[in-house]
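Below, each value reflects all heavy atoms present in this structure, side chains not excepted, and no hydrogens, waters or symmetry copies.
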Amino acid sequence: MAFKRFSRRQFGRLAGWSALGMSMLSAKSSTAQSDQATGTQNQRLSSDFPSGFLWGTATSAYQVEGAVNEDGRGPSIWDRFAHTPGTIADNSNGDTAANHYHLYKEDIRLMKELGTKAYRFSIAWPRVFPEGAGSPNPKGLDFYKRLIDELSANGIEPFVTLYHWDLPQALQDRVGGWTSRDTPKAFADYAAHVAKHLGDRVRHFFTINECSRLVHLGHGLGADAPGLKLPQSGLNQVRHHVALGHGLAVQAIRAHGRAGTKVGPAENAVSCIPAIETPPNIRAAEMATRELNAGYLTVMLEGKYTEAYLARSGQDAPKFTADDLRVISSPIDFVGLNVYMPDHYVVAADNERGFTLAPFPASFPHMKASWLRPGPEAIYWVPRHVAKLWNVKSIYITENGTSGSDQPAPDGTIYDVDRIMYLRNYLTQLQRATSEGVPVLGYFLWSLMDNFEWSDGYEQRFGIYHVDFNTKRRTPKLSASFYRETIARNAVV
Ligand code: NOJ
């Protein structure tokens, strides 16, 4: 059977891509592609990223800081959860983690060694408001001021996440955490406080990290803090409150940050990949993206829940007002996307939804973590779908990376070539996206260093720097060299 061959540009046109002004292939790569279409082999596709592309690394407070009882920090739901027997694979917790709270200067040296120009970290809400609300802890933001000043002194820009899952335990106890509308309000007050006090130092804020994981794993499956297993109606209401918290925080940052401060979510959108890259499958993957993210990016960017989501939820649908939807869809400046894997391969179908989600065969490969199925094209399609569906003009990849077994070889080096293979393939696909005009401005590798991987404890290591959790010593893995080279050349190596 003969397959008709399309150049990528023709392909884009068929997919309705260029109609949206998104097929801005760079002159260099379009030449290379037409050569490719005519079968000429002697010209290589450009592997450059756009100039000024922002390279960074990412961490989160509870996963790296430690120092849980220092300088007036209150307990978070993750302290409580991790100290509850049976919750964490290796019975560990984040009490000392990587001790970033004390070793941050050393860690900034590591960032500098890599050549990164941005660092994404989160603020621990219970350091700032130990009781969740009310009086702020005067020492709460001091650590972050020190951290940011040290970053600035080293030419590294802070990208601050306001909520990476460490809700003050007091809010869980007092109002039921995200099951209550009081929590989004308290979150907005905390965001306002941070914007007032760090607004002179921070230009980019992320509201909530991975709404969908904190909803599903924290409140549905009970695998993450606070360990709840709510019925569907309760879960849908939590999802609504989390979205509301995002919107209220956007408004608080606008009201209290400096003019020009930028804000957006950092979401692990359900990633829908066309199983075969034909126009009907691409369209089906776009529809699936919109539908399967209905309670998150879709409502944030459209200001409404899709009819299918409400119909599917029936009596369990969340209770909300028209004003809630206006708040949730407050204008944002960018979308942050955590991309690890394809969640679904999609095939166009003649059914009510217009798509079929292909089941994963048992033979599909995975990285060290069994959930992490490598599908590098996810990092091409997710930003492309988001840009096209919602006309988003600025996107950051806020996380991407993998854990590995990371055993030192006899010469002492950790040759983590599986991580390098993973990163190289994902970055190649990301470069494909930027070269076609998908507006991805930067990339934050998860993670700078090994850290507390939630319910997997320290058994899953995601760092490009190895951490000895007894001595807290940091050692570069081979992937740190890979990342340094990539950054230096602004191209995949
Ligand atoms: C996403 C989360 O934001 C981060 O905290 C976690 O460590 C990575 N995924 C890896 O699972």
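- When each of R203, R254, K262 is checked for a salt bridge (charged side-chain N to carboxylate O under 4.0 Å, His left out) with D333, only R254 meets the rule.
- Under a cutoff of 6.0 Å and an axis angle of 45°, R120 and F159 do not form a cation-pi pair.
- By the 4.5 Å heavy-atom criterion applied to side chains, W446 and Q63 are counted as neighbours.
- The side-chain heavy atoms of L147 and I108, taken from C-beta on, include a pair separated by under 4.5 Å.
- R213 has its side chain within reach of W454: a pair of non-hydrogen atoms, C-beta onward, lies under 4.5 Å apart.
- Residues Y62 and W125 keep their aromatic ring centres 6.0 Å or farther apart.
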- Message: Is there a side chain to side chain contact (heavy atoms under 4.5 Å, CB included) between L448 and L114? Walk through the geometry before answering.
- Response: CA-CA 10 Å; L448 173 68; L114 292 170; 4.0 Å; yes
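- For D71 and R127, the salt-bridge test fails: no basic side-chain N is under 4.0 Å from an acidic carboxylate O.
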- Item | Residue pair F143, Y104: steps toward the ring-ring contact (aromatic ring centres under 6.0 Å, His included) verdict | CA-CA 10 Å; F143 165 64; Y104 70 93; 5.7 Å; yes
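- N137 places none of its side-chain heavy atoms less than 4.5 Å from the side chain of V128.
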- Message: Y426 vs E377, test: side chain to side chain donor-acceptor pair (under 3.5 Å). Steps then yes/no.
- Response: CA-CA 7 Å; Y426 275 70; E377 63 278 20; over 6 Å; no
- Query: Yes or no on salt bridge (Lys or Arg N to Asp or Glu O under 4.0 Å) for D323 and R326, after CA distance, side-chain angles and deciding distance?
  - Reply: CA-CA 5 Å; D323 196 48; R326 273 193 293 276; 3.4 Å; yes
- Message: Please determine whether side chain to side chain contact (heavy atoms under 4.5 Å, CB included) holds for the pair L372 and Y422, giving the CA-CA distance in whole Å, both sets of side-chain angles, and the decisive distance to 0.1 Å.
- Response: CA-CA 11 Å; L372 213 177; Y422 175 99; 3.7 Å; yes
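- By the side chain to side chain contact (heavy atoms under 4.5 Å, CB included) test, S92 is found to be paired with I88, D90, F452, Y458, residues two or more places apart in sequence or in another chain being considered.
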- Applying salt bridge (Lys or Arg N to Asp or Glu O under 4.0 Å), run through E277 and R432 and close with a yes or a no. CA-CA 14 Å; E277 296 188 4; R432 174 186 173 200; 2.7 Å; yes
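- R461 pairs with exactly one of D450, D416, D406, D468 by the salt bridge (charged side-chain N to carboxylate O under 4.0 Å, His left out) rule, that one being D450.
- The side-chain heavy atoms of W178 and L228, taken from C-beta on, include no pair separated by under 4.5 Å.
- With contacts defined as side-chain heavy-atom distances shorter than 4.5 Å, the pair H240/Y305 qualifies.
- A donor and an acceptor atom, one from each side chain of D224 and H219, are nowhere located under 3.5 Å apart.
- Between H193 and F129, the gap from one ring centroid to the other is short of 6.0 Å.
- In this structure, a donor-acceptor pair under 3.5 Å is absent between the side chains of S313 and D316.
- For the residue pair N425 and T428, no side-chain donor N or O sits within less than 3.5 Å of a side-chain acceptor on the partner.
- Inspection of the S271 and D343 side chains reveals an N or O donor paired with an N or O acceptor under 3.5 Å.
- When side chains are defined from C-beta on, Y483 counts as touching W55, because their heavy atoms get closer than 4.5 Å.
- Inspection of the N268 and N209 side chains reveals no N or O donor paired with an N or O acceptor under 3.5 Å.
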- Message: Set out, in order, the CA-CA distance, both residues' side-chain angles and the distance that settles side chain to side chain donor-acceptor pair (under 3.5 Å) for R201 and Y144, then state yes or no.
- Response: CA-CA 10 Å; R201 292 168 161 89; Y144 301 102; over 6 Å; no
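- Using modelled atom types and a 3.5 Å distance limit, the side chains of H385 and R290 yield no donor-acceptor pair.
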- Task: Apply the test side chain to side chain contact (heavy atoms under 4.5 Å, CB included) to residues I395 and F334: give CA-CA distance (whole Å), side-chain angles for both, the deciding distance (0.1 Å), then the verdict.
- Result: CA-CA 5 Å; I395 293 173; F334 51 76; over 6 Å; no
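- Residues K304 and V299 are not in side-chain contact: their nearest non-hydrogen atoms beyond the backbone lie 4.5 Å or more apart.
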